[in-house]
Amino acid sequence: LSRAAVIGTRFSAPLLETLPGLEPGVVRRTVMDACQKSILDAAERQDQYVFLHQRVRDALVERLSDVDVRQIHQNIAEAIDSSESKSPSDIYAMAEHYAQGDVQANPARVFRATREAGIRALNDHGPDAAFRFFEQARGFLELGEGIDQREQAYLARWMGEACIRT
């Protein structure tokens, strides 16, 4: 359940099952057991669950080391990234998990994921959220590896667009 807690208040059992070191059968049994104990509840979408108590979720995350939390975020981001189709909420979650993961592992991918989330947020009529993602992406420019001037200019263009819409 600790890895589910790192995913967030709401999580997808299929996403949890894709994380390294977890077996689908064990995940299902653990989720069902947590539902019976009123730790989790089934959400409105199939295979989606929600933590019923924020303090329980917080305690599960706090038991993990900072290194483990960062690695789990990285694994979550990579699992979302490898899926063939991504909903807008998947794009936002992927960017947020990459940003909290091992940024040094692939700074260019983290930059592109947060920029993509910003563009998606702007297109979904959320200029404030878009600007937050763009600011995050700009922060990853300092890591610099694999991000050329054209990509930097593209980010600046979208940041300007977000400013105009706020």
For Pro24 and Glu17, the nearest pair of non-hydrogen atoms, with its separation, is O-OE2, 3.6 Å

State, with a plain yes or no, whether a side-chain heavy atom of Arg120 is found less than 4.5 Å away from one of Phe133.
no

Practice item. For the pair Leu155 and Leu141, evaluate side chain to side chain contact (heavy atoms under 4.5 Å, CB included) and give the outcome as yes or no after the intermediate values. Key: CA-CA 10 Å; Leu155 173 64; Leu141 285 174; 4.1 Å; yes

- prompt: So with a 6.0 Å cut-off around CG of Asn123, is the heavy-atom count from everything else above 12?
  reply: yes

Fill in: Leu1 and Ile39, any side-chain heavy atoms less than 4.5 Å apart
yes

One should read off an interatomic distance between Lys37 NZ and Met32 CE, to the nearest 0.5 angstrom, of 13.5 Å

Rounded to the nearest 0.5 Å, the CG atom of Asp68 sits from the OG atom of Ser2 at a distance of 9.5 Å

Exercise for the section: May I ask you to test the Phe111-Gln136 pair for a side-chain heavy-atom distance under 4.5 Å? Expected result: no

Check: Should we say atom CZ of Arg45 is surrounded by more than 12 heavy atoms from elsewhere, each under 6.0 Å from it?
Finding: no

Does atom CD (Gln54) have a neighbourhood of more than 12 heavy atoms from anything else shown, all under 6.0 Å? yes

message = Within the 4.5 Å heavy-atom criterion, are Arg57 and Glu62 side-chain neighbours or not?
response = no

Is Glu23 salt-bridged to Arg29, going by a charged N under 4.0 Å from an acidic O? no

Leu16 and Phe11: side chain to side chain contact (heavy atoms under 4.5 Å, CB included), yes or no, with the steps?
-> CA-CA 8 Å; Leu16 186 59; Phe11 67 93; 3.9 Å; yes

Item to complete: Kindly work out whether a path of hydrophobic side-chain contacts (I/L/V/M/F/W/Y, heavy atoms less than 4.5 Å apart) joins Val6 to Leu22.
Response: yes

**Message:** Between Val26 and Leu60, is there shared hydrophobic-cluster membership here, with clusters defined by ILVMFWY side-chain heavy atoms closer than 4.5 Å?
**Reply:** no

On a heavy-atom basis, the closest approach of Ala42 and Cys35 is N-SG, 4.4 Å

Shortest non-hydrogen pair, Ala95 vs Ala113, comes out as CB-O, 3.5 Å

Those residues at least two apart in sequence (or on a different chain) that pass side chain to side chain donor-acceptor pair (under 3.5 Å) with Tyr92 are Asp124

Notebook entry, point to check: Is there a side-chain contact between Ile76 and Gln100, using heavy atoms and a 4.5 Å cut-off?
Noted result: no

For Gly118 and Phe134, the nearest pair of non-hydrogen atoms, with its separation, is C-CZ, 3.4 Å

Q) Within a strict 4.5 Å, meaning less than it, do heavy atoms of the Val50 and Leu40 side chains meet? A) no

Query raised in the report: Just wondering, do Tyr98 and Val103 contact through their side chains at under 4.5 Å, heavy atoms?
Result: no

Intermediate values then yes/no, side chain to side chain contact (heavy atoms under 4.5 Å, CB included), Asp47 and Arg28
CA-CA 10 Å; Asp47 289 330; Arg28 294 287 171 177; 2.9 Å; yes

Side-chain contact, heavy-atom cut-off 4.5 Å: His73 with Val69? yes

In this structure, NE2 of His97 is separated from CG of Leu15 (nearest 0.5 Å) by 7.5 Å

- For the hydrophobic clusters of this structure (ILVMFWY residues joined by side-chain heavy atoms under 4.5 Å, transitively), does one cluster hold both Trp158 and Phe140? yes

Looking only at heavy atoms, the pair that brings Ile80 and Ala93 closest together is CD1-CB, 4.0 Å

Same apolar cluster: Tyr49 and Val61, side chain cutoff 4.5 Å: yes

TODO: Could you tell me whether Arg165 and Glu161 have a side-chain N and a carboxylate O separated by less than 4.0 Å?
DONE: yes

_Salt bridge flag under 4.0 Å for residues Asp58 and Arg63_ = no

Here the gap from Arg109 atom CZ to Ile147 atom CD1, rounded to the nearest 0.5 Å, amounts to 11.5 Å

May I have the step-by-step check of side chain to side chain contact (heavy atoms under 4.5 Å, CB included) for Thr18 and Asn75, ending in yes or no?
CA-CA 9 Å; Thr18 66; Asn75 292 340; over 6 Å; no

From the list Arg138, Arg157, Arg112, salt bridge (Lys or Arg N to Asp or Glu O under 4.0 Å) partner of Glu151 resolves to Arg112

Regarding Thr30 and Asp33, is there a side-chain donor-to-acceptor distance under 3.5 Å anywhere?
-> no

Looking only at side chains, do Gln74 and Glu78 share a donor and an acceptor under 3.5 Å apart?
yes

Here the pair of heavy atoms bringing Ala162 nearest to Pro127 is O-CB, 3.9 Å

- prompt: Side-chain heavy atoms under 4.5 angstrom apart, residues restricted to Ile, Leu, Val, Met, Phe, Trp, Tyr: same cluster for Ile91 and Val110?
  reply: no

So CG of Asp81 and OG of Ser83: to nearest 0.5 Å the spacing works out to 7.5 Å

